[in-house]
Enquirer: 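Dropping the structure in here first, questions after.
Each chain gets a letter, A, B and so on, in the order the sequences are listed, and its residues count up from 1. Only this structure's heavy atoms are used, side chains among them; waters, hydrogens and symmetry mates stay out.
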Amino acid sequence: TETFVGHQVLRIFAADEFQVEQVKGLEDLEHLQLDFWREPIHPEASIDVRVPFHSLQAVKVFLESNSIRYGIMIEDVQSLVDEEKLSMSHNSR
Amino acid sequence: ARSIATFNYASYHNLDEIYDFIDLLAAEKPELVSKIQIGESYEGRPIKVLKFSTGGTNRPAIWIDTGIHSREWVTQASGAYFAKKIIDSYGQDPSLTSILDNFDIFLEIVTNPDGFAFTHSKNRMWRKTRSKNSGSLCIGVDPNRNWDAGFGVAGSSGNPCSETYRGPYANSEPEVKAIVDFVKSHGNIKAFVSIHSYSQLLLYPFGYTSKKAADQAELDAVAKSAVEALASLHGTKYKYGSIITTIYQASGGTIDWTYEQGIKYSFTFELRDTGRYGFLLPASQIIPTAEETWLGLMVIMEHTRDHPY
């Protein structure tokens, strides 16, 4: 089973089309294993991306070094998945 | 004994529990509900659809589906709520009663059963189908890029490893083909609503082209009324518009195909939220999400009832 310990979901705010394209470029780097929850489309729309723990540092350095603003939408994906599992098991009991 | 009255609508459920629920519904309300199997998934699971009907033959119909993207769990959960709402409202709510006295309603709660089972067993974040792609180690096709409407143009990926992989050809996915065949054989569907999450949007065609839909003004007006009704319950704000102008170019999409089949009232919902929990929306928000969405759905169904074509 896939676990998501340390995975974070970042909310990225591209300031312009160029930054949107920069973020889009990350999508092609398959080794980062990024999972775009909301695709990079245009500057007005925020971009949500789940970043595995092993790629977090690289992605954050990339964003910061390109002055691309971002926030952390979900600190640890696994903790929400665990909460969900717990509530489902309570329900089935 | 388990019953639809004891089913917990405020919790997420796995595939077996939802399929049991569907069986229970048909068993407890045979005068109103029947279940039909429109096909089998890639891994051989039955594709089950609930039919709500008060009689007649080949009546005009309204189609609602949830869960085509398997990780969007609030949608399947909302589908179960809608099923219960329909049977509770018939005979009580004059508007829903008049809809069902003139239309059949088809509700497919788990539109991507293989993917949904996989989110419970192996990968909570799985979105696509589970079909194998020859020549690639990557599994699955995006079932919302696999329809024969702008298939293959910009707005989907040709890379089997991408989350928006369109598939080897249109309708390659049995989960999509099953609906295509059903819609074509039924031939009298007047409204088609496909429900996703998240982002709080109500969308109408087109996604694959910037060409305006012939009925764009009417669809926009219906969408406006629907999002106002939805917001009236909990104040949840939705945006609305065509897919391509509101989010992005997406080709091979469900409602582009249904609209091009002549189903004028073709809409897609993107339910809660706008990006606090995303696909991991807490179960405590299932009921508020489903009950507000129902108000939006009712606007679409009433408009369909009142504007025969």
Enquirer: At a heavy-atom distance under 4.5 Å, which candidate from A:E2, A:E84, A:H90 has the highest pair count against chain B?
Expert: A:E84
Enquirer: Answer with side chain, backbone, both or neither: which region of A:V9 has an atom nearer than 4.5 Å to a non-hydrogen atom of chain B?
Expert: neither
Enquirer: Strictly distance-based, threshold 3.5 Å: is any side-chain N or O of A:S89 a donor or acceptor partner for the main-chain N or O of A:L86?
Expert: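 Confirmed, A:S89 side chain pairs with A:L86 backbone.
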Enquirer: With a 4.5 angstrom heavy-atom cut-off, could you sort out which part of B:W126 is near chain A: side chain, backbone, both or neither?
Expert: neither
Enquirer: Under 3.5 Å, side chain of B:T75 to main-chain N/O of B:G67, donor-acceptor pair present?
Expert: yes
Enquirer: Run the numbers on A:L80 and A:F4 for side-chain contact (heavy atoms from CB on, under 4.5 Å), then give the verdict.
Expert: CA-CA 10 Å; A:L80 285 185; A:F4 305 97; over 6 Å; no
Enquirer: Looking at B:Y42, is B:R130 sitting on its ring face, NZ or CZ under 6.0 Å from the six-membered ring centre and within 45 degrees of the normal?
Expert: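 No, a cation-pi geometry is absent between B:R130 and B:Y42.
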Enquirer: Can you tell me which portion of B:R71 sits under 4.5 Å from chain A's heavy atoms? Options are side chain, backbone, both or neither.
Expert: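 Just its side chain gets close to chain A.
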Enquirer: Contact part of B:S121 toward chain A, heavy-atom cut-off under 4.5 Å: side chain, backbone, both or neither?
Expert: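 The answer is the backbone of B:S121.
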Enquirer: Checking B:H13 against chain A: side chain, backbone, both or neither under 4.5 Å from a heavy atom?
Expert: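 Both backbone and side chain of B:H13 come within 4.5 Å of chain A.
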Enquirer: Just checking heavy atoms, which of residues 39-54 of chain A are less than 4.5 Å from chain B?
Expert: A:E39, A:I41, A:H42, A:D48, A:R50
Enquirer: Taking side chain to side chain contact (heavy atoms under 4.5 Å, CB included) as the definition, give me every residue that meets it alongside B:H234, ordered by chain and number, with sequence neighbours left out.
Expert: B:T236, B:R272, B:P288, B:E291, B:E292
Enquirer: Go through the side-chain N and O atoms of B:H69 and B:D142 and say whether any donor and acceptor fall under 3.5 Å apart.
Expert: yes
Enquirer: Could you tell me which non-hydrogen atom of B:D65 sits nearest to which non-hydrogen atom of B:S194, and how far apart they are?
Expert: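 Between these two residues, the closest heavy atoms are OD1-OG, 2.7 Å.
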Enquirer: Applying side-chain contact (heavy atoms from CB on, under 4.5 Å), run through B:L25 and B:F7 and close with a yes or a no.
Expert: CA-CA 10 Å; B:L25 210 60; B:F7 185 83; over 6 Å; no
Enquirer: If contact means a heavy atom pair closer than 4.5 Å, which residues of residues 196-209 of chain B contact chain A?
Expert: B:Y198, B:S199
Enquirer: What side-chain donor-acceptor pairs closer than 3.5 Å can you find for residues 55-63 of chain A, not counting sequence neighbours?
Expert:
{"from": "A:S55", "atom 1": "OG", "to": "A:L32", "atom 2": "O", "distance (Å)": "2.8"}
{"from": "A:K60", "atom 1": "NZ", "to": "A:Q8", "atom 2": "OE1", "distance (Å)": "2.9"}

Enquirer: Rounded to the nearest 0.5 Å, how far does OG1 of B:T119 lie from CZ of B:F116?
Expert: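 It is 5.5 Å, given to the nearest 0.5 Å.
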Enquirer: To the nearest 0.5 Å, what is the distance between OG (B:S162) and CD (A:E27)?
Expert: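 Here the rounded value is 6.0 Å.
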Enquirer: Going through the checks in order, is the side-chain hydrogen bond (donor to acceptor under 3.5 Å, both in side chains) test met by A:N91 and B:E17?
Expert: CA-CA 11 Å; A:N91 164 59; B:E17 289 165 342; 4.9 Å; no
Enquirer: With a 4.5 angstrom heavy-atom cut-off, is it the side chain or the backbone of B:F118 that approaches chain A, or both, or neither?
Expert: neither
Enquirer: Run the numbers on A:N66 and A:Q22 for side-chain hydrogen bond (donor to acceptor under 3.5 Å, both in side chains), then give the verdict.
Expert: CA-CA 9 Å; A:N66 286 283; A:Q22 283 184 298; 2.9 Å; yes
